[in-house]
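Quick note on labels: first sequence line is chain A, next is B, and so on, each numbered from 1.
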2 protein chains.
Amino acid sequence: MSSYSIPAHDLNTFREELKAYFVFNETEWEAFKPHLEMVNLKKKAHFAINGKICDAIGFIVRGAVRYYHLKDGMEITSYFSFENEFVSSYKSFLKQEPSNSYIQALEDTALITITYQNMQLLLKHDLLGHKTERFGRLVAEHYICCYEDRVQSFIIQSPEERYIHMMKTEREILQRVPQHYIATFLGITPVSLSRIRKRTVLNA
Amino acid sequence: MSSYSIPAHDLNTFREELKAYFVFNETEWEAFKPHLEMVNLKKKAHFAINGKICDAIGFIVRGAVRYYHLKDGMEITSYFSFENEFVSSYKSFLKQEPSNSYIQALEDTALITITYQNMQLLLKHDLLGHKTERFGRLVAEHYICCYEDRVQSFIIQSPEERYIHMMKTEREILQRVPQHYIATFLGITPVSLSRIRKRTVLNA
DNA sequence: GTAAAACGTTAACAAAAGATAAGAAAGAAA
DNA sequence: TTTCTTTCTTATCTTTTGTTAACGTTTTAC
């Protein structure tokens with residue numbers, strides 16, 4: 001699929017969001033656009049699969065995804081992403097090696113994607129090369145900050161504290177995502193989360 | 001301190017390690033060098049302090065550091081770094097905002113550092129600008145991969161499994177670092193780690 | 001060299017979490 | 001609607017972990 005299949009409205013949203021990292025002028029944007037592709041995922045379809053190389057980065061236009069791992073036959077959710085966020089099994093993408101997690105659509109999801117191959121073309125592109133380096137650096141640095149917060153939450157908060165924090169700052173996740181996914185995301189069983197909820201409601 | 005105070009041997013080690021990310025030619029290296037500084041930390045001295053901006057990235061020439069957080073008056077270790085590794089409260093450095101963790105020398109430690117201000121100079125430098133962008137991107141991407149592994153270990157492994165994994169792959173940490181630091185790093189109490197060790201030794 | 005502090009292990013008890021199973025409620029599909 | 005999943009809660013029992021404290025050893029500081 002090439003860029004003409006991406007609805008203009010979605011493309012504009014994407015361009016607006018990118019401004020947080022980098023501003024393209026018209027010429028640059030026209031050079032950039034043809035390297036993008038639209039992908040639609042039905043609910044429960046996968047964007048990345050354990051053992052397979054994740055060869056694209058996606059930007060969620062509509063919908064939501066969860067990252068998860070399989071352990072002893074159990075699915076353990078490790079992350080959620082929603083509209084206007086990037087999605088990728090990033091290490092797999094960067095190193096072009098097999099992913100060690102799954103990424104699955106929680107709802108019907110529309111993404112604007114860029115493949116590894118096209119990313120390499122952009123890095124070599126006369127007009128865009130330097131800007132692509134900078135863009136890549138800023139996106140990577142942004143993700144480092146997210147990861148730093150996430151590791152910190154594991155280190156200094158208990159599952160119950162992480163849940164209470166989610167209630168305060170991420171109500172959308174709690175409303176859009178089945179509770180048993182949230183439980184494994186917090187590092188506990190669904191039964192345990194149910195107990196925490198009972199305690200928390202009684203104290204509120 | 002300026003670059004002439006960095007021992008030639010240490011500077012060469014640094015240059016060699018950087019080759020994993022980027023190769024400087026002689027001209028570029030001469031332009032790069034003056035932006036580096038040598039820092040020596042006595043055991044238990046801090047490289048970063050909670051609430052203060054961490055204004056440098058360090059490269060450990062000799063020694064080791066631990067990252068830790070304070071919670072309810074308790075120190076919780078979140079990471080260790082050793083020779084030939086980078087050190088920084090990275091989010092604080094990138095955003096120039098107060099750090100939310102401490103970084104402390106576990107032993108007398110020698111570092112080659114670059115300040116935020118000098119990094120900005122390098123990014124604007126005619127000769128080095130593009131190379132610095134690329135360097136920054138590659139370092140950031142490297143750290144993303146490390147963080148991805150780290151988050152994954154929290155998600156899919158128990159503290160005991162993480163300890164067993166450390167025994168197999170990171171014996172150096174176990175030997176150089178006091179055990180109660182390792183316990184909080186694993187997310188458990190020192191008492192609990194002692195029990196795990198007893199179990200593990202008996203099964204080996 | 002000696003005193004003080006830091007470190008690791010163990011024990012006993014309390015608190016929390018996991019495992020399993022049963023049942024109710026909400027959604028999806030025929 | 002009716003049926004079949006999926007999801008969430010609750011109860012019981014077991015296992016694990018945290019807490020506190022004691023003790024011996026090692027390391028550090030004066």
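- B/H125 pairs by the side-chain hydrogen bond (donor to acceptor under 3.5 Å, both in side chains) definition with nothing, not counting sequence neighbours.
- A/T77 places no side-chain N or O within donor-acceptor distance of the main-chain N or O of A/Y79, the cut-off being under 3.5 Å.
- D/dA11 atom P lies 5 Å from atom NZ of A/K198, rounded to whole Å.
- Within the 3.5 Å criterion, the main-chain N or O of B/Y102 finds no donor-acceptor partner in the side chain of B/N50.
- Rounded to whole Å, the distance from OH on B/Y163 to C1' on D/dT16 is 18 Å.
- No donor-acceptor pair closer than 3.5 Å links the side chain of A/R137 to the backbone N or O of B/G136.
- When heavy atoms are screened at a 4.0 angstrom cut-off, B/K44 is found touching no nucleic acid atom at all.
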Legend entry - Pair A/F22-A/F135, ring-ring contact (aromatic ring centres under 6.0 Å, His included): steps then yes or no: CA-CA 6 Å; A/F22 201 83; A/F135 171 65; 7.4 Å; no
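- Contacts with DNA chain D (heavy atom under 4.0 Å) in residues 184-195 of chain A: A/V191, A/S194, A/R195, listed by number.
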Inset, instruction - Apply salt bridge (Lys or Arg N to Asp or Glu O under 4.0 Å) to A/R62 and A/E83, showing your working. - result: CA-CA 5 Å; A/R62 268 177 309 281; A/E83 281 86 359; over 6 Å; no
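- Once you apply a 4.0 Å limit to the heavy atoms of chain B, the touched nucleotides of DNA chain C run 5' to 3' over C/dC7 to C/dA12.
- One can place CD1 of A/I196 at 12 Å from P of D/dT9, the figure rounded to the nearest angstrom.
- Rounded to whole Å, the distance from CZ on A/R199 to P on D/dT10 is 13 Å.
- Here D/dG18 presents its P atom at 14 Å from CD of A/E161, a figure rounded to the nearest Å.
- Using modelled atom types, one side-chain atom of B/R171 and one backbone atom of B/M167 make a donor-acceptor pair closer than 3.5 Å.
- At least one donor-acceptor pair under 3.5 Å links the side chain of B/E28 to the backbone N or O of B/N25.
- Counting to the nearest Å, the C1' atom of D/dT28 and the CG atom of B/D108 are 13 Å from each other.
- Atom C1' of nucleotide D/dT7 and atom CD of A/Q175 are separated by 17 Å, given to the nearest angstrom.
- Panel note: side chain A/T109, backbone A/A64; a donor-acceptor pair is recorded below 3.5 Å.
- As a whole-Å value, the separation of B/L106 CG from D/dT27 C1' is 15 Å.
- Contact check, A/Q179 against D/dT6: no side-chain N or O comes under 4.0 Å of OP1 or OP2.
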